[in-house]
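Notes for the one structure printed next.
Everything numeric here is computed off the predicted structure, so don't read it as measured data. Letters A, B, ... are given to chains in the order of the sequence lines, protein chains preceding strands, and every chain is numbered from 1.
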Protein chains: 2
Amino acid sequence: MQENKIIKLTVRDVRFPTSLEQHGSDAMHTDPDYSVAYVVLETDSDAALKGYGLTFTVGRGTEIVVCAVKALSTLVVGKTLKEIVSDFRGFYRLLSSDGQMRWVGPEKGVIQLATAAILNAVWDLWARVEGKPLWKLLVDMDPAKLISCIDFRYITDALTEQEALDILVKAKKGQKNREEQMLKEGYPAYTTSCAWLGYTDQQLTQLCSEALAQGWTKFKVKVGADLQDDIRRCSLIRKLIGPNNTLMIDANQRWDVNEAITWVTKLAEFHPLWIEEPTCPDDVLGHASISKALAPLGIGVATGEQVRLYIKHANAQHCIIRGPNALCLTICTG
Amino acid sequence: MQENKIIKLTVRDVRFPTSLEQHGSDAMHTDPDYSVAYVVLETDSDAALKGYGLTFTVGRGTEIVVCAVKALSTLVVGKTLKEIVSDFRGFYRLLSSDGQMRWVGPEKGVIQLATAAILNAVWDLWARVEGKPLWKLLVDMDPAKLISCIDFRYITDALTEQEALDILVKAKKGQKNREEQMLKEGYPAYTTSCAWLGYTDQQLTQLCSEALAQGWTKFKVKVGADLQDDIRRCSLIRKLIGPNNTLMIDANQRWDVNEAITWVTKLAEFHPLWIEEPTCPDDVLGHASISKALAPLGIGVATGEQVRLYIKHANAQHCIIRGPNALCLTICTG
């Protein structure tokens, strides 16, 4: 690998006026402008390779993340890709443990979103240098190398490095077949675009019908503002998609613990696969209580764009851990 | 009360080069420049009253908090103090639940520090309007009014509003005596200024002797970087202050759970009152495990400058809940 020294980091505040038509709206974010802090890493490589990374925001406040990326950039510019990827875990710790900046985190909120945008750009740069899409870089990587990129601080009570490595080594079996299948058939995904909270029933019907015609089989519906609305909308979508397609619901942190259990119980007849972010995202035990209460109804609990402590405490067999804003590995232990 | 309309908010990035002489140094913040984002609220009152508030930072990253205060200022400027204090809980929720900005929190990290600086300035303004120091404003306030200023979302599982109110009403008894005693004798405090991690044994001896001569009886020592150093320093301080004065230790989030228990056990002979921030500040259950393990040694666990979820889950009888950066009420239930 060339050294690929990072000689410049630029960051842009890019906003999209999605709130104008209520795209992206949910029970907690009623007028979101889906936006990004967008990072570009420039290198001194012969091919002038660049790495592109972003972190997702919903409008106001993106300028704060941009400010945080600029503050972190001094820890990045001047380093070579080679030295970063030779100790990716150390690089993560450098960004997240700066003796002064960690005070405004640590590893949470604005500074973590900024860290994520930079890390995503580094991963992208690495994949470009290897001439592969990122997923291919990851699946081709030696399991021990991949594990060495992850920070295991604070999660080792639930999953040791060795256990994580064993899981990855075991997963090597059948990998080739899975890759071929994915390249042929595409990869499983669900759509959230049919049922934002601010959409009318008419829009919902039209978008859902179009998505069905395009081959979608999994549909997520925003809930949590008004129970009667939720019942009407879930009923409508379940009728449209039929009993065999999958429905998920997402409350975007709207409820307290008991409220979540009561509310979701009243939506159980529509057989949602999971309720996503039912309550305060920091309340690990609250999520576990909700999971336990809803398990007999066959409804799971999904967390939002955060992962770390859930692995440790939240009875992983009850919680579906979803992708964080930062690229990280999710290893399900339950 | 006059309306006292807030017509301007200014915020300054104020830094102090404390790292030059290792003032403030600890196991995680080895070169802190103790600094602040400093907020001033200007009003249209006849007396041109202003409110002053700050949030504590340790150098780099303060500019991000300043940026966040500016982002929040649109929610503050134009409001009157009267309308804010008539629904202080609503004002907190307005600042912490803005449909776009909550995404970069919620209620954590940079945006929470920024919120704290603004809230502190509002409390200060309120006290100035009433012509009292803030503590006097609080103790004179009707308990029901005081409770109405607090946001009970997410903590009601552990403490209902009514229970909190009962505690405050009960505390009214003996208040007058306590006030008189405090005005006469001062209020209890401890000093952290004698034993920052970067200080030499000579500095430590000198500062500790001076503090003793000034009448200090409680001393906090930074620990967590090197066990042998900690043993030497704690031994030295315990000898200096004698068996009857109080020693506390503070690891500033340095350890994992098991490491914390092992390490502190080896310092038990110096009889610390508590170990502060032994591990990751988000790991509520980890703190509870440490508390439980250290209780037989007579050592408590103190959290850092955060409070909310600890009230809910962390077995309050084990945890000493300390003051957060934002002014809030700490009601010990255990």
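The environment of A:Arg12 atom CZ is sparse: at most 12 non-hydrogen atoms of other residues, nucleotides or ligands sit within 6.0 angstrom. Atom NZ of A:Lys70 sits in a sparse spot, with 12 or fewer heavy atoms from other residues, nucleotides or ligands closer than 6.0 Å.
Classified by interplanar angle (parallel below 30°, tilted 30° to 60°, perpendicular above 60°), the ring pair A:Trp103/B:His29 is perpendicular.
Proximity to chain B at a heavy-atom threshold of 4.5 Å picks out A:Asp98, A:Gly99, A:Gln100, A:Met101 from residues 93-101 of chain A, in numerical order.
Contact count versus chain B (heavy atoms, under 4.5 Å) is highest, among A:Asp33, A:Ile111, A:Thr74, A:Asn252, for A:Asp33. The candidate from A:Val65, A:Val66, A:Thr30, A:Val110 with the greatest count of non-hydrogen atom pairs under 4.5 Å with chain B is A:Val110.
Pairing each heavy atom of A:Ala71 with each of B:Ile64, the nearest pair is CB-CD1, 3.8 Å. Residues A:Pro281 and B:Lys108 approach most closely at CG-NZ, 4.3 Å, considering heavy atoms.
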(Q) The test is side-chain contact (heavy atoms from CB on, under 4.5 Å); show your working for A:Arg102 and B:Gln253 and say whether it passes. (A) CA-CA 11 Å; A:Arg102 77 181 296 284; B:Gln253 314 171 6; 2.8 Å; yes
